[in-house]
Amino acid sequence: MMRLISLLLACQVALGFQLNVAQVYPASCTSPLHQRYQNGASLIPRKSAEVRNLDGLSTPKVVSLASVIGRFVGSLPSTRDLWLESAHNWLESAKKVCFQPFGEILRRSWWSLPLFLALIPPLCALQGTYASMPDWWSLVHADYLRKSRHAALLVAGFLGSNIAYFGSGFYLLQRFPLQQRVNEKKVEKLLRDDDDRNISRFQMLGLWILGAGLTSTIFHSVQALGSYQIAESLCYLDHAVALTAGGYFLGTCGTPSRRVLGIGILSLVTLVLTHPGYAFLHSTWHFMSAATATLWALEGHSRIQNV
């Protein structure tokens with residue numbers, strides 16, 4: 001009896017399981033489990049795709065050296081662009097740091113370029129030679145002065161003409177003293193924002209004239225009494241200081257007036273002419289060039305004050 005009851009219960013459970021499966025998976029449904037059950041396949045489930053993917057992730061992937069090199073080579077173009085951009089930025093910064101200050105210095109100190117003439121004698125001395133003036137601007141032999149019967153008078157007059165530079169230099173130093181105090185109310189009038197020709201630059205005019213006078217005295221002393229080769233070397237120094245002083249006057253005082261320009265042209269005539277009477281003509285150049293510099297400084301200062 002008990003066996004019969006157990007068999008009926010088992011049949012009922014099996015029948016209920018079939019009904020539940022039919023409700024969840026209709027006849028049109030193609031469930032894998034239903035197909036396997038109908039086909040008599042094994043009811044043990046296989047690994048799904050998700051499980052297989054998880055198994056693949058759990059296994060460490062081996063990266064070859066060739067793939068690493070390939071990725072690095074593939075990134076080279078972008079790295080090269082970054083290098084080029086960095087180099088461009090660096091060059092722009094270097095240009096701002098180096099060339100702009102150089103341009104500013106050149107704009108403000110262009111008048112000092114003739115000082116490079118003073119480097120010619122030392123460079124020639126390093127090569128074991130003496131600097132010589134070009135043929136179109138040769139130095140006059142002044143040894144005839146010391147060979148003359150009136151050598152003392154001629155040499156004294158020739159060298160003494162440099163006193164014009166010392167007189168002009170000291171006068172300009174008194175007119176524009178180095179420790180000059182400017183009234184605060186006149187600062188805006190004396191100084192112009194778009195021009196560096198101001199009162200402080202006028203204080204250096206006298207020093208430049210004094211420097212030109214000292215250099216000229218030393219140069220002409222050797223020319224008249226010493227070695228001609230050494231005099232040629234000093235001639236470069238004399239020209240360097242004189243031309244620089246002229247450039248400084250131009251940058252400070254501005255364009256000279258007609259009166260100053262006329263006196264300057266006459267003085268240049270006495271500089272170019274060397275015969276007859278070189279000592280007399282060149283002494284005249286000393287006086288006239290000193291007078292030109294003095295008038296130029298006074299008129300330039302007056303013009304700036306009236307702006």
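Quick note: residue numbers are just sequence positions, from 1.
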Straight-line distance of [X] [atom1] to [Y] [atom2], nearest 0.5 Å:
X	Y	atom1	atom2	value
L243	L115	CG	CG	9.5 Å
S132	Q229	OG	CD	9.5 Å
M204	T252	CE	OG1	9.5 Å
L234	D238	CG	CG	8.5 Å
L159	S283	CG	OG	8.5 Å
I230	I218	CD1	CD1	13.0 Å

Kindly say whether [Y] contributes a backbone atom to a donor-acceptor pair with the side chain of [X] at under 3.5 angstrom?
X	Y	result
S302	L298	no
S216	A212	no
R146	A152	no
S161	F158	yes
W296	G254	yes

Are there over 12 heavy-atom neighbours, none belonging to [X], within less than 6.0 Å of that residue's [atom1]?
X	atom1	value
Y144	OH	yes
Y130	OH	no
I163	CD1	no

Contact summary for [X] and [Y], nearest pair of heavy atoms:
X	Y	result
P276	L281	O-CD1, 3.5 Å
I209	G169	CG2-N, 3.5 Å
S267	M288	CB-CB, 3.5 Å
W110	G247	CH2-O, 3.6 Å
S112	T244	CA-CG2, 3.9 Å
S233	A131	OG-N, 3.8 Å

If Ile, Leu, Val, Met, Phe, Trp and Tyr residues are connected whenever their side-chain heavy atoms lie under 4.5 Å apart, and connections chain through other members, are [X] and [Y] in the same group?
X	Y	answer
L271	F249	yes
L172	F287	no
F166	L205	yes
L273	L268	no
L117	W136	yes

Which word best sums up how the rings of [X] and [Y] line up, parallel for under 30°, tilted for 30 to 60°, or perpendicular for over 60°?
X	Y	value
H286	H220	tilted
W285	H282	tilted
W137	H239	perpendicular

Quiz item: If you draw the axis of the six-membered ring of Y248, does the NZ or CZ of R201 fall within 45° of it and under 6.0 Å from the ring centre?
Solution: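 Yes, R201 and Y248 form such a contact.
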Practice problem: Name all residues meeting the side-chain hydrogen bond (donor to acceptor under 3.5 Å, both in side chains) criterion together with T292; count only those two or more places apart in sequence or in a different chain, and write none if there are none. | Solution: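 Checked T292 against side-chain hydrogen bond (donor to acceptor under 3.5 Å, both in side chains); zero matches.
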Quiz item: Does a side chain donor of either T294 or S168 reach within less than 3.5 Å of an acceptor in the other side chain?
Solution: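 Yes.
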Quiz item: Are side-chain N/O atoms of S289 and Y165 paired as donor and acceptor at under 3.5 Å?
Solution: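 Yes.
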Show me the donor-acceptor pairs within less than 3.5 Å that the side chains of residues 121-129 make with the rest of the protein, sequence neighbours left out.
{"residue": "T129", "atom": "OG1", "partner": "C124", "partner atom": "O", "Å": "3.2"}

Self-check item: L139: partners by side-chain contact (heavy atoms from CB on, under 4.5 Å), with sequence neighbours left out
Solution: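 Listed in chain order: M133, F219, Q223, Y228, A231, E232, C235.
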